[in-house]
Amino acid sequence: MPELPEVETVAQGVHERAHGQRILAAEFSRAREPFKTDPDTMAAVLTGQRIARVHRVGKHIVFDLETPRPPKGKAEPADHQWIVHLGMTGRLLYSAASVPVPPHTHGRLSLSSGHELRFVDARRFGRMGLHSGARAQPFSGPGSEPLHISPEDFAALFRGRKLSIKAALLNQKLLHGVGNIYADESLYWAGIRPTRIAGSLSRERLLKLHAALQQVLRKAIELGGSSVSDYVDADGVRGFFQLEHRVYDRAGEPCRACAAEIRKMVHAGRGTHYCPRCQR
DNA sequence: ATATGGCCCTGGTTGC
DNA sequence: TGCAACCAGGGCCATA
């Protein structure tokens, strides 16, 4: 499932390949509603735009667009950004037009290089849409960036909260980009039981969690993300961070630090993995 | 306002 | 072996 490191990897890959290119045509399937914006409107707005930059905000992939000006072809920043959320199984693939279109392809952008950018999503949890008014107010996502937030601001997010620390980490309005894998992994490194009430954690423990989370996310980005089920980057390549997991998807296996059996339970509506000895 | 739980969706896995 | 039930979970929505 794409979380911050996976989305970062995809965004970087798409940026390297697609930035500077013009969108010659856009086509979206009309089936159901994987859209925040009407598909016809979205296709009409995207067609003719230049992709200035592709980057990540939380779990969203953000395309900064430019409108080419007729006279000398000079571009100016467009008032729209194109936002893609991969959901659970979404893929954004940069493919030669000759490569067969995979099943469950809901969107296709034809680029000036002759390649296509394809949005493929079997489970349909992904979303696409336009963010308008971007010149005045660029898309900023629902919460704070885990990699940019200061330790003190991070600790302050949880003060007085009565929900569990795991549920708080998953809440995108507090911190965006953290999903189930990196919530479990960062809590392991910080030695915190996922069920602990967020507001009951000391400042010191929260500072430790801040450091653990940033370390885990950075390492995961370095390794191209975690491929647990079917995540792949823009070239269809899997990541390697799943090999570094300490608790996620390791129920019944020994803790790498203390050899206790890793446990799994359902908490905050998600499979939750922890070491009963290392995490208190 | 804050917190919780159900639902969407379908491929892969499990179990009879 | 074959098939059905079950499981995965991000974000949104209704509810308490």
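Note that the coordinates shown come from a computational prediction; the quantities given were computed from them, not determined experimentally. Protein chains get the first letters and strands the later ones, always in sequence-line order, with residue 1 at the start of each.
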Asker: How many Å lie between CG on A:D184 and C1' on C:dG10, as a whole number?
Answerer: 15 Å
Asker: Measure all distances between protein nitrogen or oxygen atoms and nitrogen or oxygen atoms of nucleotides 6-8 of chain C, and list the pairs falling under 3.5 Å.
Answerer:
unit_1	atom_1	unit_2	atom_2	d
C:dA8	OP1	A:K264	NZ	2.8
C:dA8	N3	A:R123	NH1	2.8

Asker: If we check side-chain contact (heavy atoms from CB on, under 4.5 Å) with A:E185, which of these qualifies: A:V178, A:L217, A:L213, A:V216?
Answerer: A:V216
Asker: Show your working on salt bridge (charged side-chain N to carboxylate O under 4.0 Å, His left out) between A:D235 and A:R17 and close with a plain yes or no.
Answerer: CA-CA 10 Å; A:D235 293 323; A:R17 289 155 188 76; 2.4 Å; yes
Asker: Measure from the side chain of A:Q172, starting at C-beta and using heavy atoms only, and say which of B:dT4, C:dG11, B:dT2 lies closest.
Answerer: C:dG11
Asker: Roughly, in whole Å, what's the span from NZ in A:K173 to C1' in C:dC13?
Answerer: 10 Å
Asker: Among the candidates B:dA3, B:dG11, B:dC9, find the nucleotide nearest to the side-chain atoms of A:R124.
Answerer: B:dC9
Asker: Looking at A:R238 and A:D233, is any side-chain nitrogen of the basic one under 4.0 Å from a carboxylate oxygen of the acidic one?
Answerer: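 Result for this pair is no, no salt bridge flagged.
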Asker: In terms of hydrophobic clustering (I, L, V, M, F, W, Y; side-chain heavy atoms under 4.5 Å; direct or indirect links), are A:L187 and A:L206 co-clustered?
Answerer: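 Yes; A:L206 is reachable from A:L187 via cluster members.
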Asker: Can you give me the closest heavy-atom contact between A:T272 and A:H267, atom names plus distance?
Answerer: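 It is OG1-O, 3.3 Å.
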Asker: Under a 4.0 Å N-O cut-off, is there an ion pair linking A:E152 with A:R203?
Answerer: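 Salt bridge: yes.
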Asker: Starting from P on B:dT4, measure out to NZ on A:K166 and report it in whole angstrom.
Answerer: 14 Å
Asker: Does A:R270 or A:K162 map to a spot on DNA chain B nearer the 5' end, using the closest nucleotide for each?
Answerer: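 That would be A:K162.
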Asker: When you get a sec, tell me which of B:dA3, C:dG10, B:dG11 is the closest nucleotide to the side chain of A:H104?
Answerer: B:dG11
Asker: Counting side-chain heavy atoms from CB outward, which of B:dT4, C:dG10, B:dG11 is closest to A:K59?
Answerer: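 So the side chain of A:K59 is nearest to C:dG10.
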